[in-house]
Amino acid sequence: YFNLGIGIQPGAETIFYSNDQKETSFLIGCTGNTGLLFVPFPELGMVLGVGLRGQISNSKGLRSSVGVGFELGINF
């Protein structure tokens, strides 16, 4: 099976500076993932998956990230 997902993630970020100041800001970001799901034993319902994941946001600390994800689950 082919898996595709997108999402929006709101949040808040607080940055502490070395001169004892702090700055809080509203975050908005977008996530996306795509991958393949494999059902090796249909009678057991086991699902294995591998995919790519990504994220972008207006954060001052971490604006974007990309990674690989592995999944193990049960289909019922």
Side-chain angles (χ1 to χ4, degrees):
Y1 297 99
F2 177 73
N3 184 18
L4 177 66
I6 58 172
I8 296 176
Q9 60 184 77
E13 166 181 76
T14 301
I15 299 174
F16 295 92
Y17 295 100
S18 59
N19 60 359
D20 292 332
Q21 286 185 323
K22 71 177 184 177
E23 177 183 343
T24 302
S25 57
F26 177 74
L27 296 179
I28 189 75
C30 180
T31 61
N33 62 50
T34 185
L36 296 174
L37 298 175
F38 175 64
V39 183
F41 307 108
E43 63 277 357
L44 297 176
M46 181 187 294
V47 179
L48 302 173
V50 63
L52 296 174
R53 302 177 184 281
Q55 171 186 337
I56 57 173
S57 73
N58 64 340
S59 170
K60 292 184 179 179
L62 182 62
R63 289 197 175 274
S64 64
S65 65
V66 176
V68 176
F70 299 98
E71 300 179 36
L72 172 64
I74 298 174
N75 189 16
F76 54 91

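Rounded to the nearest 0.5 angstrom, Glu23 CD and Thr14 OG1 are separated by 9.5 Å. Leu27 CG to Glu13 CD: the interatomic distance, rounded to the nearest 0.5 Å, is 4.5 Å.
Annotation for Tyr1: atom OH does not count as buried by contact number, only 12 or fewer foreign heavy atoms lying within 6.0 Å.
Taken together through direct or relayed side-chain contacts under 4.5 Å among Ile, Leu, Val, Met, Phe, Trp and Tyr, Phe26 and Ile8 form part of one hydrophobic cluster.
When the side chain to side chain contact (heavy atoms under 4.5 Å, CB included) test is applied to Asp20, no partner is found at least two apart in sequence or on another chain.
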Report, one line per pair, each donor and acceptor closer than 3.5 Å where one atom sits in a side chain of residues 34-56; sequence neighbours left out.
unit_1, atom_1, unit_2, atom_2, d
Thr34, OG1, Asn3, O, 3.3
Arg53, NH2, Glu71, OE2, 3.2

